[in-house]
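Working notes, beginning with the structure itself.
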2 protein chains.
Amino acid sequence: MARTHGSKAEITGPLVRDAARSLFARHGYGAVSMRQIAAEVGVQVGALYAYTPDKQALLADLLRSHMDELLSEWRDDSSQPALVRLKDFLRFHIATSLKRPEAVFLSYMELRSLSPENFRDIARLRRRYEDALEAILAAGEAEGVMSVPDRRLATMALISMLTGVTNWYREGGRLDQERVVAIYWDLVRGTVGA
Amino acid sequence: MARTHGSKAEITGPLVRDAARSLFARHGYGAVSMRQIAAEVGVQVGALYAYTPDKQALLADLLRSHMDELLSEWRDDSSQPALVRLKDFLRFHIATSLKRPEAVFLSYMELRSLSPENFRDIARLRRRYEDALEAILAAGEAEGVMSVPDRRLATMALISMLTGVTNWYREGGRLDQERVVAIYWDLVRGTVGA
DNA sequence: GTCTATAATGGGATAGAC
DNA sequence: GTCTATCCCATTATAGAC
């Protein structure tokens, strides 16, 4: 990973973000040093500061851009039946969780490491994502095809359940992604009383 | 919180554990210093080492004793119908999560901060707790009162869902503990196809 | 059992050369 | 844009006085 002056300059930015995401997810924000990140990228620590003003901004950028991507990639078609929308949400959430497990885990776990300002911003994005699911449950109840005891709590319960995939899923393990989606769909349908 | 020589010696041990548990849960193991823990207790940093050989052992003790308590407090009566056992488990898990939210959160989140040896030990305890739930699902299927697409995965999904309470529950908030149990029981029943 | 003091190391961040 | 070198401060852990 050694590096001579100036080579690969154009791709270092993404590499810094990749390394930070991976290390933060594996060891926790507070446990990772800028020196470790630099070593993973193959540069010296000073070079990192060409890409981020400080460590906190690096974390906030990772979380913000993950939430931005989630929100911009998610396409809800509210003209569809609620059960179709729910299954689409499930498929989307699991696909994302398995494609970018570190970003998902990080966004779930390191909110607490954000400065108050960054926390407010990112919690707001997170809330919009939760609300997207809650709207589907509301539609399902209006259609009479779902029934939950408390809509907000059911939303949080479903998000926790789905995000939990990142805790046990292993690429190349017992189950492939399609199978995981099918199993969770069974579970989720029951949870919302469908 | 200042302290003169020798006072309160007999209760410092528990205070150290309380402070460490609370700080680790709020800020993450790696982000908390022994100085912060000492300040919270009201002693100087050197005094901590009368109660723990090092910081890693402090974390491991917290996680190990939490899991030990969980496993020793949980009383499963396998002569009961599986749905009764499941509801008892739910009640137990939520009661514990709301009584010791920091310990639950910590045991869920800081496994990654353990040394490999400590990780093995505590993951084993954790697995025994998960297996207790899985056994109830197996009994429910045998009785024909539950139906899940994949028992191991349903177990993990339920644990994630239940442990998620610690993410949003606030003492004195909209819902009291009894109400939370009732709502989750509705959700869980659906999830297991009962 | 707790204090003060200190050792040894590593932390985030910056300056200036190239 | 990256390097080397450095500043300054925090870190874990220990030693020895009380």
> Within the pair B:T12 and C:dG1, is there a side-chain N or O less than 4.0 Å away from OP1 or OP2?
Replying inline: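 Answer is no, no contact under 4.0 Å.
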> With respect to the phosphate group of D:dT2, does any side-chain polar atom (N or O) of A:Y51 fall under 4.0 Å of OP1 or OP2?
Replying inline: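 Yes, such a contact exists.
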Quickly work out the [X] [atom1] to [N] [atom2] distance and round it to whole Å.
X	N	atom1	atom2	result
A:I37	C:dA13	CD1	P	10 Å
A:Q44	C:dA17	CD	C1'	15 Å
A:Y49	D:dG1	OH	P	17 Å
A:K55	C:dA13	NZ	P	8 Å
B:D54	D:dA13	CG	C1'	9 Å

>> Quick test of your reading: applying salt bridge (Lys or Arg N to Asp or Glu O under 4.0 Å), list the pairs with at least one residue in residues 138-149 of chain B, sequence neighbours left out, ordered by first then second residue.
In response: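 Residue pairs with at least one partner in residues 138-149 of chain B: B:E141-B:R151.
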> Can B:T52 and B:R17 be counted as having a side-chain donor-acceptor contact under 3.5 angstrom?
Replying inline: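 Absent: no donor and acceptor within the cut-off.
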> For B:R100 and B:T96, does a side-chain donor sit closer than 3.5 Å to a side-chain acceptor?
Replying inline: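 There is no such pair (donor and acceptor under 3.5 Å, judged by atom type) between the side chains of B:R100 and B:T96.
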> In a check of side-chain contact (heavy atoms from CB on, under 4.5 Å) between A:R126 and each of A:L63, A:L111, A:L71, A:L70, which one passes?
Replying inline: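 One option only clears the test, and that one is A:L111.
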> Below 6.0 angstrom between ring centroids: does that apply to B:Y129 and B:W74?
Replying inline: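 When the ring centroids of B:Y129 and B:W74 are compared, they turn out to be at least 6.0 Å apart.
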> Does any residue of residues 24-36 of chain A have a heavy atom under 4.0 Å from DNA chain C, and if so, which ones, in number order?
Replying inline: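 Those residues whose heavy atoms fall under 4.0 Å from DNA chain C, taken from residues 24-36 of chain A in numerical order, are A:V32, A:S33, A:M34, A:R35.
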>> Applying ring pair (Phe, Tyr, Trp, His ring centres under 6.0 Å), can you list everything that pairs with B:Y169, at least two apart in sequence or on another chain?
In response: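 If we apply the ring pair (Phe, Tyr, Trp, His ring centres under 6.0 Å) test to B:Y169, skipping adjacent residues, there are no hits.
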